[in-house]
Protein chains: 2
Amino acid sequence: MIKSNSTNSNIQQIKVAVDCIIFGFNDNKLELLLIKKKENPEKGKWSLIGGFVGFDEDLDEAANRILSDLSGLQDIYMEQIKTFGKVDRCSFDRIISSTYSAMILKSRYTEDKISKYNAQWFPITEVPDLIFDHNDMVDIAIKRMRRRVRNFPIAFNLLPPKFTLPQLQVLYEGILDEELDKRNFRRKVAQMKYLVRLDEKDMSESRRGAFLYRFDETLFENEQNFNL
Amino acid sequence: MIKSNSTNSNIQQIKVAVDCIIFGFNDNKLELLLIKKKENPEKGKWSLIGGFVGFDEDLDEAANRILSDLSGLQDIYMEQIKTFGKVDRCSFDRIISSTYSAMILKSRYTEDKISKYNAQWFPITEVPDLIFDHNDMVDIAIKRMRRRVRNFPIAFNLLPPKFTLPQLQVLYEGILDEELDKRNFRRKVAQMKYLVRLDEKDMSESRRGAFLYRFDETLFENEQNFNL
DNA sequence: GCAAAAGTGTTGGATATACACCCATGA
DNA sequence: TCATGGGTGTATATCCAACACTTTTGC
């Protein structure tokens, strides 16, 4: 609802920002992309990847632009997590920030972007002290991402179009940081009819070879059951 | 992350608002509190209860202030739902809006506030066309609230401190808009050790009387299992 | 004694978990 | 032939849904 804004003579305006929590999957573990601030305020501290929302830019667009600018990645499944709006969350200015989260494959991240922005990956078990309330943001995003990755097929972006079940399982074990029983895992996968087995094997990981699967978008429309 | 804002000479600023989605329980059904806009823009249309966030006000505080201003209710369990930030969500200004949702007992809502603000309750099955993207906000909030009410004890605010199981069941049936099996319902309740039966009956609804229960906060800390 | 609401158990199906061996292949 | 990773089935416990009758009491 919009109040009459004729009396809107506030000189001090709240600024609107976005912070991106980018998880990178690497070496069977999750890492978090951070940048080191080159300038004041908070020079030298680590920070999430963020920026202000443009006046002519959707909030979602802003998140995608920032992700894209810093990683070169596009069409990544990205999701709004929560908006942080405490007055004192940032000591020198009034900024509310909406957090967005994405998971990417670290190996797809172009190295030149990293150096350009002074960015660095950290294992999520070793996140340093971050500016403002960014540590809170990360904690919430991790919990939420782990919950969602069990109930929605959001991790398939991290695999090639054709993937094997061992690949899929390793991915999930890495994301969730827990071991999964192979047979139970495969039984669940078998119930998802939109994961279709091809008549083709990946021979690169074993002598026997593992069947390749693909995620069928159309079949998924019909029956969206997913839980791992 | 905060970019250097030395070049921050934007004259056009994004405004930050909050919209409250207030569900009222009445006559065993959920209703939604809306207000009719007395002024342009969108004069005469129905709208959620909302307003701008003060410069010196936490986002959460703003939501509570607005709820409190319009309902007199305080200490209501309120939860951030999502932030809406499309450029064109409001045709005449650039406003992002965080939605917050609460459930209250309609009977506790003071009538004078309603008339003062031109507010009115609508059954959630008969929500009229609202301004901007407010219908989307409502749809998302209803889904989320129903999901959460099953997994967290957020509905106990709607009951007196001492309540009977028939009361609790009627409440849940109303919120979820589905009938629940009495025996299954009571078995689940029995597992929640923090719902403690008192040696006291409510005789107002039946000749036999129904045992009163209370929600024990301390016991809930230990064992938070909840699902109905 | 009867109307009206409160209260109570059991069964069958589905789902989740735990667990160990054979298979196919290239070297 | 053997080392390596891929693949398979069963038994148990747990959870969930469906279902109908007895109890208490004021009138």
Side-chain angles (χ1 to χ4, degrees), chain A residues 27-28 146-147 149-153 159-160 162-215 223-228, chain B residues 27-28 146-147 149-153 159-160 162-193 195-214 223-228:
Chain A
D27 191 23
N28 296 345
R146 287 201 169 128
R147 191 167 5 104
V149 84
R150 282 181 175 278
N151 296 308
F152 299 93
L159 294 172
K162 299 175 183 180
F163 54 87
T164 67
L165 296 192
Q167 269 182 296
L168 184 64
Q169 184 173 350
V170 164
L171 176 66
Y172 266 83
E173 290 179 335
I175 293 173
L176 297 172
D177 192 29
E178 62 183 86
E179 297 208 338
L180 302 174
D181 181 89
K182 184 167 50 160
R183 282 168 291 188
N184 294 338
F185 183 84
R186 294 170 91 102
R187 179 176 26 254
K188 285 182 180 176
V189 168
Q191 289 168 356
M192 304 175 193
K193 310 221 177 86
Y194 47 84
L195 293 183
V196 300
R197 198 179 87 170
L198 307 175
D199 287 331
E200 204 178 339
K201 283 190 167 185
D202 169 30
M203 304 303 294
S204 66
E205 295 293 319
S206 70
R207 311 198 195 289
R208 182 178 179 176
F211 277 106
L212 288 163
Y213 286 71
R214 71 183 170 80
F215 182 89
E223 193 187 344
Q224 303 211 350
N225 76 304
F226 189 93
N227 103 304
L228 281 177
Chain B
D27 191 22
N28 296 345
R146 287 203 168 127
R147 190 168 6 104
V149 85
R150 282 181 175 277
N151 296 309
F152 299 93
L159 295 172
K162 299 177 184 179
F163 53 87
T164 67
L165 296 191
Q167 270 182 296
L168 184 64
Q169 183 173 350
V170 163
L171 176 66
Y172 266 83
E173 290 179 333
I175 293 173
L176 298 171
D177 192 28
E178 62 182 87
E179 296 207 338
L180 301 175
D181 181 89
K182 184 167 48 161
R183 281 168 290 187
N184 293 339
F185 182 84
R186 293 169 91 102
R187 174 173 32 253
K188 285 182 180 175
V189 168
Q191 289 167 357
M192 304 174 193
K193 310 218 178 88
L195 293 183
V196 300
R197 199 179 85 170
L198 307 175
D199 286 331
E200 203 178 339
K201 283 190 168 187
D202 169 31
M203 303 305 292
S204 66
E205 296 292 319
S206 68
R207 312 198 192 293
R208 182 178 181 176
F211 276 108
L212 287 164
Y213 287 71
R214 71 183 169 81
E223 193 187 343
Q224 303 212 350
N225 75 304
F226 190 93
N227 101 305
L228 283 178

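Residue numbering restarts at 1 for every chain, and letters A, B, ... go by the order of the sequence lines. Just so it is clear, the structure is predicted and the values come from calculations on it, not from any experiment.
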**Item:** Atom of B/V149, atom of B/Y172 and distance for their closest heavy-atom approach
**Value:** O-OH, 3.0 Å
**Message:** Counting only side-chain heavy atoms from C-beta out, which of C/dA3, C/dT17, D/dG6 sits nearest to A/A210?
**Reply:** D/dG6
**Among D/dC19, D/dT24, D/dA17, the one nearest B/R183 by side-chain distance** = D/dC19
**Asked** Of the nucleotides C/dT17, D/dT23, D/dA17, which has the atom closest to the B/K188 side chain?
**Response** D/dA17
**Comparing B/Q191 and A/G209 on DNA chain D - which has the more 5′ nearest nucleotide** = A/G209
**Asked** Has the side chain of A/R187 got a donor or acceptor atom sitting under 3.5 Å from an opposite partner on the base of D/dT10?
**Response** yes
**Asked** Can a donor-acceptor pair under 3.5 Å be found between the side-chain atoms of B/R208 and the base atoms of C/dA6?
**Response** yes
**Fill in**
Quick note, A/R207 side chain, CB onward, closest among D/dG26, C/dA5, C/dG26 is C/dG26
**Listed nucleotide nearest any side-chain atom of A/R186, set C/dG9, D/dG6, D/dC27** = D/dG6
**Asked** Which of the following nucleotides, C/dT17, C/dG7, C/dG9, is nearest to the side chain of B/F211?
**Response** C/dG7
**Fill in**
Side-chain atoms of B/N184 come closest, of D/dC16, D/dT8, D/dA17, to D/dA17
**Request:** Among the candidates D/dA18, C/dA5, C/dT25, find the nucleotide nearest to the side-chain atoms of B/S206.
**Result:** C/dA5
**Asked** Can you tell which of A/R150, A/Q191, A/M192 makes a side-chain contact (heavy atoms from CB on, under 4.5 Å) with A/F226?
**Response** A/M192
**Item:** Beyond-backbone contact of B/K188 with B/N227, side-chain heavy atoms, under 4.5 angstrom
**Value:** yes
**Request:** From the options C/dA27, C/dT8, D/dG7, select the nucleotide whose nearest atom is closest to the side chain of B/K182.
**Result:** C/dT8
**Request:** Could you tell me whether the side chain of B/R186 reaches within less than 4.5 Å of the side chain of B/L165, counting heavy atoms only?
**Result:** yes
